[in-house]
Amino acid sequence: MRPDTDTVRGWLGEVPDPEIPAISVVDLGIVRDVGWEGETLVVDVTPTYAGCPATLVIALDIETALHARGIEKVEVRRKMSPAWSTDWISPEGRQKLLDYGIAPPQLNAANCAGMLSAQTAACPQCGSENTEMLAGRGSTPCKAQFRCRDCREPFDYFKAI
């Protein structure tokens, strides 16, 4: 008996993002669709951006997790349209980012100018909004480096895309 798609989504909710292991690929919002095509379980994934270096690792981690649950035939498809948005990060995922020390992206802040527009981020350590951007790139291309002017701690901000 094969599992329903809700069960599979639950399993995928345990697959961590390789660059930010505190958040799952489901909470990150990159798992777009799960469905059966005959005997094959198909998982559609939209990477956070077209050149994301973790895309192949994510596909392999998804396949490995599903094989471990007894799914023999798995196909992970890369779906590029519509483009992923940080608005797809679940509320639970946003909290997990914050708990991990990464300021989550603001909701509905994505725009085509990206980091060209002024960005603000609350400090994940002390909650202060008295912060400044130090660099447009952080530990990964999808993050920017900020510093809190109050507690003086540096932190990553997950860019709104």
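Position 1 is the first residue of the sequence, and the numbers go up from there.
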Can you name the nearest heavy-atom pair linking [X] to [Y], along with the distance?
X	Y	result
Ala122	Thr131	C-CG2, 4.4 Å
Cys148	Phe155	N-CE2, 3.9 Å
Asp27	Gly93	CB-CA, 3.7 Å
Glu19	Pro53	OE2-CG, 3.7 Å
Ser24	Gly13	CB-O, 3.1 Å

**Asked** Are Arg149 and Glu132 close enough for a salt bridge, meaning some N to O gap below 4.0 Å?
**Response**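 Salt bridge flag = yes for Glu132 with Arg149.
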
ask   = So, Arg77 and Glu75, do they make that salt bridge, N to O below 4.0 Å?
value =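 Judged by the 4.0 Å cut-off on N to carboxylate O distance, Arg77 and Glu75 do form a salt bridge.
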
May I have the list of side-chain donor-acceptor pairs in residues 56-72 shorter than 3.5 Å, sequence neighbours left out?
residue, atom, partner, partner atom, Å
Thr64, OG1, Leu60, O, 2.8
His67, ND1, Ile71, O, 2.8
Arg69, NH2, Glu14, OE1, 2.9

Self-check item: Nearest-0.5 Å distance, CD1 of residue Ile102 to CD1 of residue Ile20
Solution: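 Output value for this atom pair is 4.5 Å.
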
* To do: Could you grab the distance from atom OG of Ser128 to atom CD of Glu153, nearest 0.5 Å is fine?
  =>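 The CD atom of Glu153 is 12.5 Å from OG of Ser128, to the nearest 0.5 Å.
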
Please collect all side-chain hydrogen bond (donor to acceptor under 3.5 Å, both in side chains) contacts where either partner lies in residues 41-55, sequence neighbours excluded, each pair once.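 side-chain hydrogen bond (donor to acceptor under 3.5 Å, both in side chains) check on residues 41-55 returns Arg32-Thr46.
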
Exercise for the section: Kindly indicate, with the supporting measurements, whether the criterion side chain to side chain contact (heavy atoms under 4.5 Å, CB included) is fulfilled by Phe158 and Leu28. Expected result: CA-CA 11 Å; Phe158 202 111; Leu28 190 56; 4.1 Å; yes

